[in-house]
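Notes to accompany the following structure.
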Amino acid sequence: MTASPPNSALDYDAIIIGAGLSGMYQLHRLRELGLRVRVFEAGTDVGGTWYWNRYPGARFDSESYSYGFSFSKELLAEWEWSEHFAGQPETLRYCQFVADKLDLRRDIQFRSRVAAAIYQEDTRSWRISLEDGSEPTCRFLVTAIGPLSTPTLPRIEGRDSFQGQAFHTARWPKEPVDFAGKRVAVIGTGATGIQTIQTIASEVGHLTVFQRTANWAAPLHNAKIDAEMQAKIKAGYPEIFARCQETFACFIHTPDPRGAFEVSDEEREAHYEKLYGERGFGIWQGNFRDILIDRKANATISDFIARKIRERVRDPKVAEKLIPKSHGFGTRRLPLETFYYEAYNRDNVELVDIAETPIERITPKGIKTSEKEYEFDIIIYATGFDAITGSFDKIDFRGAGGVKLRDKWKSGPETYLGLMVEGFPNMIMVMGPHTALGNIPRSIEYSVDWVTGLIRFARDNGLTRLEATPEGVKDWTEHVKALGEGLLSNEVDSWMTGINRNVEGKDTRIVARYSGSAPAYRARCDEVAAKGYSELALS
Ligand code: NAP
């Protein structure tokens with residue numbers, strides 16, 4: 001039995017946009033329901049983030065074994081991660097392995113960018129416009145377009161005039177880039193810039209880093225996984241994933257129940273020292289419970305990390321430039337690093353603080369700041385993404401009555417559970433705005449299962465129109481906004497607060513992210529399902 005009504009000839013029961021982890025798993029689940037499903041993907045293979053972000057040094061910063069899909073014992077048994085934090089090539093291979101094992105590619109159309117998606121009220125269906133001019137139709141439209149998938153370039157005059165090579169990190173070429181002896185610029189010092197800089201510093205002739213805002217970073221402490229550890233991981237998967245289900249953001253780390261001032265100064269220092277020496281996000285996600293909400297508590301960890309930066313960077317002036325002054329530790333998404341600070345001790349690496357000497361223009365030969373012109377062979381833009389809503393803005397989504405999603409979300413997204421939008425019937429978002437992100441594959445698995453449950457319910461009950469109600473959207477949007485109150489991260493400009501000055505109109509902070517706990521998010525969504533989705537308008 002399919003979800004198509006007898007009087008219509010829709011091409012598919014469901015179309016999924018994107019073949020990253022969300023789209024891959026959603027395809028698998030909907031196929032299990034016996035539906036006719038098609039995925040449209042702009043790239044030439046699966047993997048999403050791990051397909052596009054091939055920049056040097058790209059790797060996980062959540063533990064590999066907490067990141068892979070947990071739903072299939074077979075996948076877990078067959079795949080072996082080689083490092084605690086796998087690099088991009090390995091993660092892309094993992095995505096390809098999953099696609100092979102589940103035979104996903106036969107239902108994925110690659111090189112197919114979706115330009116528009118228009119809701120047709122008469123047939124209760126969606127018509128998708130692909131850039132090649134074809135227009136497939138479906139009952140259900142699942143967006144799996146990723147929160148960080150629309151890269152943005154700086155709006156700097158003369159950008160196209162540069163005569164050397166220029167790359168955005170998220171559009172990195174498949175062929176290797178030769179850095180030997182080259183004069184290289186990196187613009188941007190977020191998680192991506194940091195991974196790139198620490199990796200290429202020893203390969204390039206000379207590296208100039210253009211930093212506008214310093215970011216806090218802490219050591220990753222990556223290591224190979226040996227045979228003994230491998231066996232332990234495989235035997236421990238049930239516990240690892242059970243733990244991820246319990247923690248705030250689905251990482252294996254969870255906050256220390258103590259406040260930063262409930263211990264002595266010595267104990268606090270020892271705690272920070274211990275976390276600084278441990279792998280992964282523990283120092284961010286497993287720290288005292290109040291460091292991300294209490295300014296004074298936050299100052300204690302910020303001071304600790306600042307001391308570490310001063311210890312690790314030889315030139316005190318450079319160290320001071322690398323210590324953030326505009327925000328506290330962890331109030332932006334924390335980059336994890338491997339000898340990043342030590343890169344600045346090399347003779348071939350220079351840090352330019354463009355808050356002091358702004359970039360005036362890109363020239364045919366390089367970059368001109370207010371101080372001087374720098375000449376380069378390669379410019380790397382590690383300048384981030386039009387996050388969360390950016391990928392929605394790029395597609396012309398039109399709901400009932402021709403309403404444009406772009407217009408509806410002009411002042412920020414409004415959603416029901418981060419999954420649906422009023423006026424956009426039968427469209428469901430996986431990892432859209434207002435949903436729990438955290439350790440992404442864990443959140444993806446939950447959301448995809450929820451979406452699958454909803455579509456199964458529609459099929460079993462002969463429903464052809466599912467829509468969020470105005471009250472449902474109002475309540476969820478207000479709830480998400482309330483959750484953000486008091487968080488230091490919501491007082492800071494970053495992609496997490498919707499700021500990207502490289503994009504017209506993205507210079508005002510919004511609440512685009514659900515910042516409550518993942519267990520609370522799941523409980524709320526489970527409750528909706530248990531009540532037969534009665535909060536939705538169903539017909
Ligand atoms: P990002 O955090 O948004 O950083 C962008 C950087 O570019 C910032 O330093 C920004 O400076 C700078 N920049 C942007 N426009 C500029 C301009 N016009 N002139 C000068 N500098 C400019 O982006 P990202 O580093 O790509 O990271 C985004 C997110 O992706 C991360 O937070 C993380 O969630 C994810 N990520 C994950 C991993 C991983 O799992 N290992 C790795 C990389 C990224 P300002 O701060 O002044 O705006």
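Remember, it's 1-based here, ligands and their atoms both numbered in the order they're listed.
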Solution key, residues 197-205 side-chain donor-acceptor pairs under 3.5 Å, sequence neighbours excluded:
unit_1, atom_1, unit_2, atom_2, d
Gln198, OE1, Thr338, N, 2.9
Thr199, OG1, Gln195, O, 2.6

Quiz prompt | Test item: Thr477 side-chain N/O and Thr415 main-chain N/O as donor-acceptor pair under 3.5 Å | solution = yes

Using atom types as modelled, flag every donor-acceptor pair under 3.5 Å from a side chain in residues 302-310 to any protein atom, sequence neighbours excluded.
unit_1, atom_1, unit_2, atom_2, d
Ser302, OG, Asn298, O, 3.0
Ser302, OG, Asn298, OD1, 3.0
Ser302, OG, Phe329, N, 2.9
Arg307, NH1, Glu269, OE2, 2.8
Arg307, NH2, Glu269, OE1, 3.1
Lys308, NZ, Glu273, OE1, 3.4
Lys308, NZ, Glu273, OE2, 2.7
Arg310, NE, Glu320, OE2, 2.7
Arg310, NH2, Glu320, OE1, 3.4

Quiz prompt | Per-ligand residue contacts, ligand 1, heavy-atom threshold under 4.0 Å | solution = Tyr55, Arg59, Phe60, Asp61, Leu148, Pro154, Ile187, Gly188, Thr189, Gly190, Ala191, Thr192, Gln195, Arg212, Thr213, Arg332, Arg333, Ile354, Ala382, Thr383, Gly384, Phe385, Trp495, Asn502

Quiz prompt | Flag if over 12 foreign heavy atoms under 6.0 Å of NZ, Lys481 | solution = no

Quiz item: Is NZ or CZ of Arg243 both nearer than 6.0 Å to the six-membered ring centre of Phe241 and within 45° of the ring axis?
Solution: no

Quiz prompt | For Arg522, salt bridge (Lys or Arg N to Asp or Glu O under 4.0 Å) partners two or more places apart | solution = none

